[in-house]
Each structure stands twice: as structure tokens, then as C-alpha cells.
Trainee: 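Handing you this structure, nothing more for now.
Letters A, B, ... are given to chains in the order of the sequence lines, protein chains preceding strands, and every chain is numbered from 1. This structure is a prediction, so every number in the text was calculated from the model and none was measured.
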Amino acid sequence: MPDLKIYNSLSRKKEIFKPIHPGFVGIYVCGPTVYGHAHLGHAKSYTSYDVIVRFLRYLNYKVRYVQNITDVGHLLGDANEGEDRILKQARIEKIEPMEVVERYMRSYFEDMDALNVLRPDISPRASAHIPEQIELVQTLLDKGYAYEVNGTVYFSVEKFKDYGKLSGRDVNELKSGVRINVHSDKRHPADFALWKKAEPEHLMQWNSPWGKGYPGWHAECSVMSTKYLGQPFDIHGGGIENIFPHHECEIAQSEAATGKEFAHYWIHNNMITVDGQKMGKSLSNFITIKDALKKYDPMAIRFFVLSSHYRSPLDFSESAREAGQKGLERFIEGYHRLRKASCVNLKPNGIYSQAINNYKQRFEEEMNDDFNSPKAIAALFDFLKETNSALDKNEMDQEMQSSALKIIDETAGNVLGLIKPGTTDVFGQADQKDIQSMVNLLIELRNKLRSEKNFNLADEIRKRLLEIGFELRDTASGTEWKKN
RNA sequence: GGCGACGUACCCAAGUGGCUAAGGGAGAGGUCUGCAAAACCUUUAUUCAGCGGUUCGAAUCCGCUCGUCGCCUCCA
């Protein structure tokens, strides 16, 4: 099998992946701040990393996947005067901050489960790692990379020579950046808070050597990644919009504190736009996953996301989404056809055996090339065509059938996650509403027969329905039914 | 203003130096079929925003122009 290549944001090119410990991969991905329901952007991001982790496992790596839950420290608006977003939500909902966190964390996992996104191995919470964060801040102070002003500790970007290496920014140029407000306490405008002094009314605060306060924006990721994965670790992932300042600051803190490299490979996924506009929490154009799931099949959302590359932006529009839905249905239909086919009385053809191998090889090549899911899906569809064709011509024997099923389960199922475990046949699914309309339809047809005096068939319908548990009663006001 | 990405058929979307420019959706024609559906076959970009340049050879590299978007403030 060819080598796995990953586009590394640090070097800005594809690199051959070499794990630090052969056979093992440690991956950390920036998780959500849980103060609201997850939206389609989260769906793209975490579906992408889900497939990355699934593929690493397909390659037989033993993967430890850590994704944090941010439940403290992120501020709205200006870094120094902004309000903690979780506190703000707590005030709006009139509940405890930790209730906000619980509520939306559960909501997040619920949505991810629906999208068939596997849970991370560890979901550490920022608020549960305050001592470690304090320790990091203290180390940086001791080593001279940080300074304290009135209960708040800042990281000095000028002390860390590599600051800007990920985002391609220059510390001196940042100084004159028009949108950075110079705050009087900071020695350099790009300096960022490691620890923030809390006002007495601030609901989330902890004791520290610098008084009561709470950790800065970036500390949690530095601390929790290295706590569970060591330093350096293999892969750090996150949204492209976090390259600066978040990831830049993570690198600065961690590398300054230990003198060691932080993470080998940086993976950044691109964003979802809605009708060409970025979908953001601060903009009010975002579509929550819960809303989307009311209208769309979760697997179709997943398929839609995977039909573009993780590093490409993806525009969500009704027509694009619908095309994805149709494409997924085509795949699922073909998959079930293969599963149900009875491959007997046949004239097997070796060409199809070859097609199975070709597909497996192509799938692996495409995924090895920086997790190219669109190309992997293209290979899947080509294979599907060959499968349908072989079934049409009755050229598939049971051995081919079972190996074809196995490879589809491993690739489209286990890696792309397009076959939800326990998926029932597409032709057998119905919910309560569907059953109701179906019984009503039978009643309507039966009444038509009655009006045509075709009582034999009308009675048979009533009898057969009763046998499967639906009792009909003809009343003056029409036919009623109940489920026995 | 600084940094960066992108512009490929009717729509979505791969391809980033060289075999016929993937795949999905939509459209058209056909096979099959009582009728549908599904499936299969054929078909829809001599051309990759535009203009120059490098090269034996470019959608792919370089320059400029136009357009779209992201980051520089929390954001997946």
C-alpha cells in the first residue's frame, strides 16, 4: 500500500505521514465551545476528522483521538472586555453555567451520533484541567515568556522567536495591524492572556498564584493535548479559522514551556458557507444540525460533506444538498441489491473479481492522498456500476458477492461511515406517520370497492388488516381504525 | 492595509506539468419492462475566469487583470 500523505499546514505541503511511535497515532482536534446547538459547520468539521480517524484505523494504526470540550475561557467580542460566552448563555437561559455546558454538550454528542460520527476516545473539559493550566502559566512565567499585570498573565510574543510560523505572520507587522486594539496592560498588542483576573461577579473563577481568575483562550488545548498524547504528538486538527490566533498561540505556549516541538502535523479543515456566505456563530445565518435533521437524512448530510475535500470550502444550497441525497440513495440502493442478491444459476466472470481488487486499491490510494474522500466516493460509484452490471448479467457468484460486500462494508461503511450500523433495508423503513397514511390509503381503496359493491374484496381487506393487527370499524361518520 | 484560498460543463465537485479533464445530480436517446421504479448502455467541457509568459508540452508553474471567499476579534 502506498504511503499516507497528509497536507501539513506547518510546511504548506503534503508530507508522508510518519507516526512518532510506529503503529500508534495521537490526534487532537479542537472541539466545540458548548454554549449553543451545533451547526452544519460542526458537521463538516467533525465528519472530516471522523473519517480521518476511521481511515487511520483502517490502516491498522492504534489511534488515540482526543477532542476537547470548551466550557470556560472563551470570550465574546473584545478580548479584554468581552463576556464569557457560556456565562452569557447562562444569563439568557437563567441557569447555572455548568448547566449550559451539560445541556449543549449532550446536544452536541446527540447530533454527532446521528451523523454517525464516532465519539473521541477522550473528551476532556477545560474546566476539569484548571490546575494543569495554572502549572503551564507558572512555567511560562518562570522561564520569562510571560508577565503578570494586576492579576492577569500575558504571553510575550516577542520572546518566542517562532511566533507566527504556522500562520505566516510577522510579530512586527502585527504591531501595526489596524484591527488590533492596543491594550494598555500589554507590552505588545499581539500578546495574549494566559490567565485572566476575574471580577467578583464572574461566576466561573478559580484560585491561582495571581489571585482569582480563569484561564485564557488557548491554554486548555496546549494542556489537554499534551496531557493525554505527550509532547510532541502526531496530529493536531481544527478549523482553518483557528490557525490564527488560536493555534499559533498553542504552539507558542507549549513550545516555549517545554522547548520541544508541539505537534508534527497540523490539519485544517475549511468552512461551510450558506449561499456563498460564511456560516458563523457571530453571524446569524447558521443552520443547526437539529434543524437540518428535521428535514434531511443524516447520512445525506454526511455524504454531502464528504463529497468535497476537507480542505475545500463547501457551499450549502438546497440543490447541492438534494443532489447529495440522490447520490446517497443510489449507493444505498445498490448496496442492498448486492446484499439481497441470490447469486445462483450463474455464469461467473472473472472480470468482476478483478473489479473488486481494483476498487479496494483505488479507494486506498485516494484516501492515502490526504484523505481524498471525493475521489474515494468516485471510486465507490464506479465499483457500484460494475457491481450492478455483474448482477444484471448474472455474472457474480457467492464468493464474489461476499468479498464485494466485505470490501464495501470496510470502505464505505467503516471508513466513510455511510452505512449506519444496524441500517435496515431501504425498502423496509417506515415511521408512525407512514403507517398511518398507508392504513388510510387502504381504507380509501376499500371504501371505493364498497361503493362499487365489490364486497368480497372489501371484506378481504378488512379481514387481512385485522390479521396483522389493524381493526376497522365502519361508522356513520366514516371508517375508523385502531391498532390492536 | 497585511496574510491566505479559490474561480473547472446546466448545478455540485475531483484533478495541481504529459495517457481519452473523475464522480454525483439534472437533461437527452436507448435496452429491459403490462405500466411504473430500479438497473445498464450511449450522450452533454477540443476545454478549465480573462490576458500574457515559461516549457517539447499547462486547467496545473510565473505575472497581471477581473471576480468570489476566509483570516487578521470569539468562531468548526
Trainee: Looking at U46(B), which nucleotide sits across from it as a Watson-Crick or G-U wobble partner, both distances under 3.5 angstrom, or is there none?
Mentor: none
Trainee: Please determine whether the number of non-hydrogen atoms from other residues, nucleotides or ligands lying under 6.0 Å from atom CG of Leu445(A) exceeds 12.
Mentor: yes
Trainee: For Arg337(A), report the nucleic acid contact type (base, sugar-phosphate, nothing); a contact means any heavy atom under 4.0 Å.
Mentor: sugar-phosphate
Trainee: As a test of reading the structure: which of G4(B), A76(B), C71(B) is closest to the side chain of Asn242(A), going by heavy atoms?
Mentor: A76(B)
Trainee: Pick base, sugar-phosphate or nothing for Ser312(A), based on heavy-atom distances below 4.0 Å to the nucleic acid.
Mentor: sugar-phosphate
Trainee: When the distance from NZ of Lys13(A) to C1' of U16(B) is rounded to whole Å, what number comes out?
Mentor: 15 Å
Trainee: Answer yes or no: are there more than 12 heavy-atom neighbours, outside Glu444(A) itself, under 6.0 Å from its atom CD?
Mentor: no
Trainee: Would you say the side-chain atoms of Ser123(A) and Gln67(A) include a donor-acceptor pair closer than 3.5 Å?
Mentor: no
Trainee: Between C71(B) and Arg169(A), counting only base atoms on the nucleotide and side-chain atoms on the residue, is there a donor-acceptor pair under 3.5 Å?
Mentor: yes
Trainee: Could you tell me how far apart Phe244(A) (CZ) and A76(B) (P) are, to the nearest whole angstrom?
Mentor: 18 Å
Trainee: Which letter, B, S or -, goes with each nucleotide of nucleotides 19-24 of chain B from 5' to 3', with contact meaning a protein heavy atom under 4.0 Å?
Mentor: ---BSB
Trainee: Taking 4.0 Å as the cut-off, does a side-chain nitrogen or oxygen of Asn270(A) come that near to OP1 or OP2 on G70(B)?
Mentor: no
Trainee: NA contact type, Ser317(A), heavy-atom cut-off 4.0 Å: base, sugar-phosphate, or nothing?
Mentor: nothing
